[in-house]
Amino acid sequence: MAKVSLLLFSLFIIVASAIINGSEAVEKVGIYELKKGDLSVKFTNWGATIVSVFLPDKYGKMGDIVLGYDSVNDYKNDTSYIGSIVGRVANRIGGAQFTLNGVHYKLIPNEGKNMLHGGPIGFSDVVWKVNKYKKDGYAPSIVFAYDSYDGEEGFPGALRVTVTYTLYPGNRLTVRMKAKALNKATPVNLAQHTYWNLGNHNSGDILSEQVQIFASHYTPVNSQLIPTGKFAAVKGTPYDFLKPHTVGSRINKLENGYDINYVIDGVDGKLKKAAVVKDKKSGRVMELFTNQAGVQFYTANSLKDVRGKDGYVYESHGALCLETQAFPDSVNHPNFPSTIVYPGKEYKHVMVFKFSISS
């Protein structure tokens, strides 16, 4: 009887471990590659992370244009969300708490008293299951899946999440994030947190890269980077990228650099162009399209002495992030578009990266 009880207990632990990790207990962490034309992208199922993006420059020389690490173990120890999917709720939640349908939820803070990118163990720090891996054909793709349990990091309800990365002709990388609430209403706001440097991951800072962001307004923040709930026009401020400007042209007017959510013009749930990045030296151009209302522009202000690929050390402003998203702290601002997903409904977030060369 003791042996039977012990066996049942062991089975419970194994099943519980599988549920908690959102995948089978035996799910291994690996590296996966997709290729199409001149574009080659590697991923890992740790955090559903983009590991590398190889593209030729205007001289035909291949280069890796995203920051990252040499081994999967380095990603497990990463504290900068490099290349990963962040959630259940990306960006910040003020006070790590919110009220939904009359119930007050206290989350696990991991940035002072606030929550950042889903908490201490968000979606960037779990093993995702590889649901599908199609290396060949017109549109090579890989599908990662994660089952988030009810109460994970304090969030209500079980949530089934998938992220599909697909390469299309014309050097296009598409990211499709979907989530289904299984039994309770819950906030959902996923983001892809790749650090881009179009000059190559080891080419130094991105201050000379030219950025255009199609947003006339942004959401101002307090000293803890929590939105105030107001909207402000970019005109006449360092945040104005309606016309192309280099990143470094006005960055010295900000205390640390850019880390702000922009309200993308004209987004109505359909794909809209959110931003364009150009690197003059390499000739590489990246256009970003999304169906989301916001995009966080971040200039890697907090990077310091991060040892990355080939031993190269990443520093502040060594890359930029363009994280399409719902507005930060939406759960505490009724005037922001809702991020609540109800059972029977599906969250859908699309990003399209289009790469090209300019002379």
Side-chain angles (χ1 to χ4, degrees), residues 13-55 62-88 117-118 120-149 152 159-168 172-179 190-196 201-202 306-312 314 351 353:
I13 293 297
I14 292 173
V15 171
S17 175
I19 294 172
I20 288 173
N21 286 289
S23 60
E24 296 178 6
V26 296
E27 190 73 26
K28 294 182 179 180
V29 177
I31 299 291
Y32 306 86
E33 184 174 20
L34 298 177
K35 293 182 179 180
K36 188 68 178 181
D38 293 330
L39 181 60
S40 173
V41 185
K42 288 184 179 179
F43 311 87
T44 177
N45 57 321
W46 179 267
T49 298
I50 292 177
V51 171
S52 64
V53 177
F54 277 88
L55 275 173
M62 297 295 290
D64 185 359
I65 61 171
V66 302
L67 273 55
Y69 302 104
D70 288 326
S71 75
V72 169
N73 285 334
D74 292 327
Y75 285 95
K76 293 180 181 180
N77 296 320
D78 169 66
T79 58
S80 301
Y81 310 95
I82 289 180
S84 63
I85 296 294
V86 293
R88 176 180 305 196
H117 292 327
I121 306 178
F123 292 177
S124 59
D125 285 316
V126 296
V127 180
W128 293 59
K129 184 178 180 180
V130 180
N131 266 7
K132 186 178 181 181
Y133 183 31
K134 180 185 176 185
K135 298 175 65 175
D136 303 311
Y138 175 81
S141 64
I142 188 166
V143 181
F144 296 112
Y146 179 68
D147 286 343
S148 178
Y149 61 91
E152 186 171 13
L159 188 73
R160 182 156 294 162
V161 187
T162 62
V163 176
T164 304
Y165 294 103
T166 308
L167 303 189
Y168 290 99
R172 288 178 294 155
L173 165 64
T174 295
V175 186
R176 292 183 177 88
M177 294 168 258
K178 296 182 179 181
L190 306 180
Q192 214 299 325
H193 208 295
T194 289
Y195 286 69
W196 301 94
H201 79 95
N202 57 357
V306 176
R307 186 168 296 277
K309 299 170 187 173
D310 303 319
Y312 188 81
Y314 304 133
M351 305 175 77
F353 297 94

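Note that this is a predicted model, so its numbers are computed, not measured.
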Colleague: So do the side chains of Tyr195 and Ser80 get within less than 4.5 Å of each other, counting heavy atoms only?
Modeller: yes
Colleague: What are the two closest heavy atoms between Pro120 and Asp125, and how far apart are they?
Modeller: O-OD2, 3.7 Å
Colleague: Are Tyr312 and Tyr314 an aromatic pair, judged by ring center distance below 6.0 Å?
Modeller: yes
Colleague: Closest approach of Phe123 and Val126, non-hydrogen atoms and distance?
Modeller: O-CG2, 3.4 Å
Colleague: Which residue pairs pass the side-chain hydrogen bond (donor to acceptor under 3.5 Å, both in side chains) test with at least one member in residues 62-79, sequence neighbours excluded?
Modeller: Asp64-Lys309, Tyr69-Asp78, Ser71-Asp74
Colleague: Return the set of residues passing salt bridge (charged side-chain N to carboxylate O under 4.0 Å, His left out) with Arg160 (not counting sequence neighbours), or none when no residue passes.
Modeller: Asp147
Colleague: Please answer whether the main-chain N or O of Gly83 pairs with a side-chain N or O of Gln192 as donor and acceptor at a distance below 3.5 Å.
Modeller: yes
Colleague: Anything under 30° is parallel, anything over 60° is perpendicular, the rest tilted; go ahead and classify Phe144 against Tyr165.
Modeller: perpendicular
Colleague: Between Trp196 and Phe353, is the ring centre distance below 6.0 Å?
Modeller: yes
Colleague: Which pair of heavy atoms, one from Ile82 and one from Leu67, lies closest together, and at what distance?
Modeller: CG2-O, 3.3 Å
Colleague: Could you tell me which non-hydrogen atom of Ala48 sits nearest to which non-hydrogen atom of Ile85, and how far apart they are?
Modeller: O-CG1, 3.6 Å
Colleague: Around atom NZ of Lys42, are there more than 12 heavy atoms from other residues, nucleotides or ligands closer than 6.0 Å?
Modeller: no
Colleague: For the residue pair Phe43 and Leu34, what are the closest heavy atoms and their distance?
Modeller: CE1-CD1, 3.6 Å
Colleague: Would you compute the distance between atom CG of Leu173 and atom CG of Leu167 and round it to the nearest 0.5 angstrom?
Modeller: 6.0 Å
Colleague: Counting only heavy atoms from other residues, nucleotides and ligands, does the tally under 6.0 Å from CD1 of Ile121 exceed 12?
Modeller: no
Colleague: Between Leu39 and Phe54, is any pair of side-chain heavy atoms under 4.5 Å apart?
Modeller: no
Colleague: Between Leu190 and Val161, is any pair of side-chain heavy atoms under 4.5 Å apart?
Modeller: yes
Colleague: Going from CE on Met177 to OG1 on Thr164, what distance comes out if it is rounded to the nearest 0.5 angstrom?
Modeller: 10.5 Å
Colleague: Taking the side chain as everything from C-beta on, heavy atoms only, tell me whether Trp128 gets closer than 4.5 Å to Val163.
Modeller: yes
Colleague: Quick one: closest heavy-atom pair of Glu27 and Val127, and the distance?
Modeller: CG-CG1, 3.8 Å
Colleague: Do the side chains of Tyr32 and Thr44 get nearer than 4.5 Å, heavy atoms only?
Modeller: no
Colleague: List, one per line, each side-chain donor-acceptor pair under 3.5 Å for residues 133-142, sequence neighbours excluded.
Modeller:
residue : atom : partner : partner atom : Å
Tyr133  : OH   : Glu33   : N            : 3.0
Tyr133  : OH   : Glu33   : O            : 2.9

